[in-house]
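For reference, the structure discussed in these notes is given below.
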Amino acid sequence: MTTAAGLRVERWTRNSVIRSSLIGLAVLGLFAAPTVFEPAITQKLTGLWILVLMAAMWNALAGYGGLVSVGQQAFIGIGAYSTIYLTHAGVEGYTAMALAVGITAILAFLTSFVVLRLRGGEFAIAMWVVAEVFRQFVSFDSSVGGGTGISLTALGVYGPDYGRAFTYWWALTAATAALLILFFLLRSRFGAALQAIRDDESAAASLGVRVRSSKRIVFVLTSTGCGAAGAAILANTLFVQPNSIFSVQWTAMMIFMVLVGGLGTFEGPILGALILFLLQNQFGNGGVWYFIGLGASAVLFALFMPRGIWGTITERFDLRLTPIGYWVRGPAPPTARDPGLAQSDEGPPTDPPSEVAQ
Amino acid sequence: MAAGSAVGIVGPNGAGKTTLLDVLAGAQPPTAGSVHFRGTDVTSASAADRCRMGIGRTHQVPRPFVDMTVFENVYVGATAGGRLRGSAAYERCLSVLELSGLLPVANRRAMSLGLLHRKRLELARALAAGPEVLLLDEIGGGLTDAEAEELLETIERLRRQGIAIVWIEHIVHVLVRAVDRLICMDAGRVIADGPPDEVLQDATVIDAYLGKQE
Ligand SMILES: Nc1ncnc2c1ncn2[C@@H]1O[C@H](COP(=O)(O)OP(=O)(O)OP(=O)(O)O)[C@@H](O)[C@H]1O
Ligand SMILES: [Mg+2]
């Protein structure tokens with residue numbers, strides 16, 4: 001649109017269209033990985049997309065919703081165990097995984113009415129309790145192996161090689177879909193409200209943002225994403241045990257990825273997932289010292305680089321790569337009065353103010 | 001308050017002016033009493049809903065959304081509080097940015113703004129929501145004479161548009177030129193209320209407020 005002063009508001013710029021198209025092509029290329037690499041590598045890369053998915057979900061929850069949860073493993077476990085229950089009922093493996101995501105959404109919606117009454121630390125702990133409740137529930141159900149766990153046999157019909165490839169595609173699709181949904185959500189009017197909540201909750205409320213219901217939407221969406229991650233984790237390892245799938249270590253990993261990458265940024269968690277993936281392949285996944293190392297570095301980042309790697313880079317260079325923002329464009333060059341204007345990485349700066357009364 | 005009317009509130013530090021404004025805007029619950037807006041009791045309405053009804057406010061200590069641009073800050077007001085979408089939202093944003101002199105910094109992240117621009121952003125954001133009553137908390141502090149004149153002109157223009165103003169300000173000589181009613185508060189109570197010149201002559205007011213300041 002254009003005003004009398006010749007101003008318009010721009011969302012897609014030429015640069016961001018080119019950049020987004022390249023990213024889209026790259027993601028399409030990633031879908032070819034199972035045809036290129038051997039199954040063991042495909043399985044590892046599946047793990048990477050699961051990490052990306054989990055990091056993006058925890059980031060959206062804590063970074064945009066302001067909801068710091070240490071119990072998101074509840075939904076990872078629900079996604080995995082719902083898949084088991086559905087396959088026992090005769091549903092095909094990958095369909096069961098998709099339906100499990102829906103079941104997670106329903107349970108997350110119901111849970112939200114209990115936990116969203118609480119604030120801050122109380123909410124964080126309550127989510128941990130929720131995870132424990134679900135863990136206990138499956139631990140005592142002998143039809144899914146109780147505490148000793150159970151194998152996912154439904155994917156066996158595809159054979160190990162095809163199974164790995166299908167699981168890879170399933171996980172990559174889930175991660176891509178989650179990021180796309182997040183992207184379009186952040187680009188929408190609701191996304192502006194979410195970013196406002198991220199920056200200052202009560203100021204957002206004073207401008208008409210309904211904080212509670214916004215948080216509920218974020219909570220349900222991100223918990224559903226964790227359910228997808230849980231189903232994919234199960235499909236990638238083909239075995240599930242209550243103590244490990246409902247373990248707080250998943251949350252520890254998510255917090256690490258998000259804090260190192262950059263809380264409340266779109267790209268940061270993806271970077272964090274890559275870093276964790278590389279660490280896992282270097283030092284192995286598991287062991288007490290591994291988690292102590294993760295925790296310590298998360299704390300160090302929180303203290304000394306609170307915006308994470310990506311947040312620090314974008315602040316330093318005033319970058320905004322993901323086109324979720326708004327740019328005011330005008331025909332005239334900046335006035336001498338305001339030398340520091342329009343420090344965007346692209347395009348001309350804004351119009352000077354017009355003297356015309358509204 | 002009638003449309004286009006303006007009330008000023010003065011009082012020493014800690015008199016409860018900001019607290020009163022918080023109660024009116026729904027940021028704090030009242031310990032006693034109720035808040036009415038357009039004939040209905042809105043005491044139990046949330047801050048967000050009161051904004052949507054038409055009660056806008058600024059913060060004494062500006063609270064910009066630091067990681068969003070100035071335009072995006074205002075856009076939140078236009079879309080959430082003002083319920084606008086598409087080009088109507090853009091137009092509202094551009095016009096309040098122009099009115100508040102923020103167009104040249106529209107694409108800057110709010111974290112890079114100085115105090116003057118942050119205060120203007122408080123006003124612009126509140127205006128973007130399309131308020132009928134605007135609650136202002138010390139938006140005039142630290143202004144030069146010329147900037148104060150500009151602010152007075154802006155307020156006058158808003159009143160002509162029918163927006164009612166409640167304005168808390170320590171700079172009394174600026175405030176009295178903008179309002180037709182002045183309230184003086186001290187220690188959580190109203191100690192004087194009336195036309196500005198009468199209130200300023202009031203002995204208790206001089207004692208409680210002006211006397212202590214000078
Ligand atoms: N009616 C009241 N009764 C008792 N305490 C009150 C009342 N109103 C405000 N207070 C308390 O007084 C303190 C200062 O109030 P407030 O911040 O509103 O002052 P102010 O008038 O805005 O001061 P300043 O000029 O410094 O901004 C707060 O801690 C508040 O809780
Ligand atoms: Mg105050």
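All chains are named by letter (A, B, ...) in the order of the sequence lines, taking the proteins before the strands, and each is independently numbered beginning at 1.
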Need one label for B:Arg85: side chain, backbone, both or neither, based on atoms under 4.5 Å from any heavy atom in chain A. both

Using heavy-atom distances under 4.5 Å, tell me whether A:Arg212 contacts chain B through its side chain, its backbone, both, or neither. neither

Considering only heavy atoms, which portion of B:Leu84 lies under 4.5 Å from any heavy atom of chain A: side chain, backbone, both, or neither? backbone

Whatever's closer than 4.5 Å to a heavy atom in chain A on B:Ser46 counts as neither

Charged N to carboxylate O under 4.0 angstrom, B:Arg109 versus A:Asp199? no

Most contacts with chain B, counted as non-hydrogen pairs under 4.5 angstrom, among A:Ala203, A:Ser202, A:Ala196: A:Ala196

Is chain A contacted by the side chain of B:Met53, its backbone, both, or neither, given a heavy-atom distance below 4.5 Å? neither

For the side chain to side chain donor-acceptor pair (under 3.5 Å) test, which of B:Gln60, B:His59, B:Glu138, B:Gln28 pairs with B:Thr18? B:Gln60

Taking the cut-offs as 6.0 angstrom to the six-membered ring centre and 45 degrees off its axis, would you call A:Arg11 and A:Tyr326 a cation-pi pair? yes

Based on non-hydrogen pairs under 4.5 Å, which of B:Val66, B:Val76, B:Thr69, B:Asp67 is most in contact with chain A? B:Asp67

Specify which of B:Gly81, B:Cys51, B:Ala48 makes the most heavy-atom pairs with chain A at under 4.5 Å. B:Ala48

If I compare all heavy atoms of A:Pro323 with all of A:Ser20, which pair ends up nearest, and what's the gap? CG-OG, 3.9 Å

Main-chain N/O of A:Gly208 paired with B:Arg52 side-chain donor or acceptor, under 3.5 Å: yes

Minimum heavy-atom separation for B:Gly8 and B:Val179, please, with both atom names. N-CG1, 3.5 Å

